[in-house]
Amino acid sequence: MSPLLLSLAFAVALAASTLVKFWLSSRQIRHVAAHRSRVPATFEGSVTLAAHQKAADYTVARSRFGLLALAFNAAVLLGWTLLGGLNALNGWVLAASAALPEAWQAMGYQLGLVAAFLFIGSLLDLPWELWSTFKIEQAFGFNRTTLKLFIVDMAKGLAVGALLGLPILALILWLMGAAGPRWWLWAWGSWMGFNLLVMVIYPTVIAPLFNKFEPLTDVALKERVEQLMARCGFAAKGLFVMDGSRRSAHGNAYFSGFGPAKRVVFFDTLLSKLNGGEVEAVLAHELGHFKHRHITKRILLMFAMSLAGFALLGWLMQQPAFYLGLGAQPNLGAPNDALALILFLLAGPAFGFFATPIASHFSRRDEFQADAYACAQASGADLSSALLKLHEDNAGTLTPDPVYARFYYSHPPAAERLAALAS
């Protein structure tokens, strides 16, 4: 592998992916703005012009903001890699780690490099998160997060990330250096075990740190939901209502947990907007994903892709050109495992971007299947009504650009989805 060829390939992949993202977002902005003045014929009588225009304005505002963030992130990625930012950080952390006791230097350097990289990345992302939350979401009436709550959430996220992330990171880095040429198999197994553990503990340990979960107290709705789950052969450990309204006006419902620890969670904002039949239909859609084993398939796909990624990293980290081609000098007297891991995570998305429409296609197919299952177990009319309400309340555009939607949308556009439900 030639460092020059790798540098060129990465530069081309980054430029191509960035230009395609700009092109797609520009198409979305123009298309949505061009159809702002009139409600599509499919939705006349069910969606007001004011709601349609709010959705259009919200989509355009977020897309324009996304263009700025895209340019910034591309510049940051270029700075980390070909312009030598990560190489400079690596040299500084390596020098600083010399002050540690000798027994701690190798692991201390590697954990310090990853921590410093993530910390700087978080600082760079922070202004964009603040603007998105307190400007865009606020302007359209969706944000309910206070600055204090934002800071508390950020602190909790950092604490949870450190408590969970540092041990698994240390284990993987140790395996990379101690488990021989097949370290990536052991690391992959450890990573998968960690992910399954998080799935199990998330509902009862992690999620309550950020939100309050109360048992569903609406007797009629609870009975209706339990009857639906009995018809579908689905068992859950409880039905809960989450205080999503503390942070946002957006509504949702989801399953959390793994195996017998699964929970059904409704946002309080969702229950305030939908009637009992509509809630049942939305839940039936989610149950459709379980009935068709979409969740299991996605977990297995994640396992397979992770295995391929670890195997590829195992080969790349042995190639000096991998470091030099991405703007970093490999260490001579210290481990290169953390450096290789960061470079891999930086460069991978640029090369994998063009698989996005494939993933989007299969995700939309799964959504259609879940909708069909919901129609068999509940009311299709209620599901259509719920989808319209959620589109309106979440300001989802009814007129997305077709090319943009095919590339990015994990859910079918509203017009296609409602037409399928009607049939």
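For this chain, numbers begin at 1 and follow the sequence in order. On a predicted model such as this, the values are computed, not experimentally measured, just so you know.
We find the CZ-CD distance between R36 and Q53 to be 4.0 Å, quoted to the nearest 0.5 Å. The OG atom of S25 sits 12.5 Å away from the CZ atom of F65 when rounded to the nearest 0.5 Å.
Between the side chains of N143 and Q138, at least one donor-acceptor pair of N or O atoms lies under 3.5 Å. Looking only at atom types and distance, the side chain of Q105 has no donor-acceptor partner in the side chain of S97 under 3.5 Å away. With hydrogens and angles left out, the side-chain atoms of D268 and S245 include a donor and acceptor closer than 3.5 Å. Checking N90 against Y323 by side-chain atom types alone, no donor-acceptor pair falls below 3.5 Å. For Q369 and H294, the side-chain atoms include at least one donor-acceptor pair closer than 3.5 Å.
Ion pair K222/E280 not flagged as a salt bridge, since none of the NZ, NE, NH1 or NH2 atoms sits closer than 4.0 Å to an Asp/Glu carboxylate oxygen. Checked for salt-bridge contact, K54 and D57 miss the test: no charged N lies under 4.0 Å from a carboxylate O. Looking at D366 and R298, a side-chain N of the basic residue comes within less than 4.0 Å of a carboxylate O on the acidic one, giving a salt bridge. Salt-bridge formation is not detected for the pair R30/D401: no Lys NZ or Arg NE/NH1/NH2 atom is positioned less than 4.0 Å from an Asp or Glu carboxylate oxygen. A salt bridge is absent between K291 and E286: the closest approach of a Lys/Arg side-chain nitrogen to an acidic carboxylate oxygen does not fall below 4.0 angstrom.
The only option from T133, T146, D153 that meets the side-chain hydrogen bond (donor to acceptor under 3.5 Å, both in side chains) definition with R247 turns out to be D153.
In this structure, the ring of F234 has its center less than 6.0 angstrom from the ring center of F290. For F142 and Y58, the gap between ring centers is short of 6.0 Å. Residues W315 and F322 keep their aromatic ring centres 6.0 Å or farther apart.
Judged purely by atom type and a 3.5 angstrom limit, S363 has no side-chain atom pairing as donor or acceptor with the backbone of A359. At distances below 3.5 Å, not a single donor-acceptor pair connects side-chain atoms of H52 with backbone N or O atoms of L398. H391 places a side-chain N or O within 3.5 Å of a backbone atom of L387 that can act as its donor or acceptor partner. Of the possible donor and acceptor atoms, none in the side chain of S132 sits under 3.5 Å from a partner among the backbone N and O of E129. No side-chain donor-acceptor contact under 3.5 Å links N336 to the backbone of L339.
Across all their heavy atoms, L94 and A334 have their closest contact at CD1-CB, 3.5 Å. The minimum heavy-atom distance linking A116 with L89 is given by the pair CB-CD1, 4.0 Å.
Taking the six-membered ring where the residue is Trp, W183 and F310 present perpendicular rings, their angle passing 60° and hence far from 30°.
Around the CH2 atom of W128, the shell of radius 6.0 Å holds more than 12 heavy atoms that belong to other residues, nucleotides or ligands.
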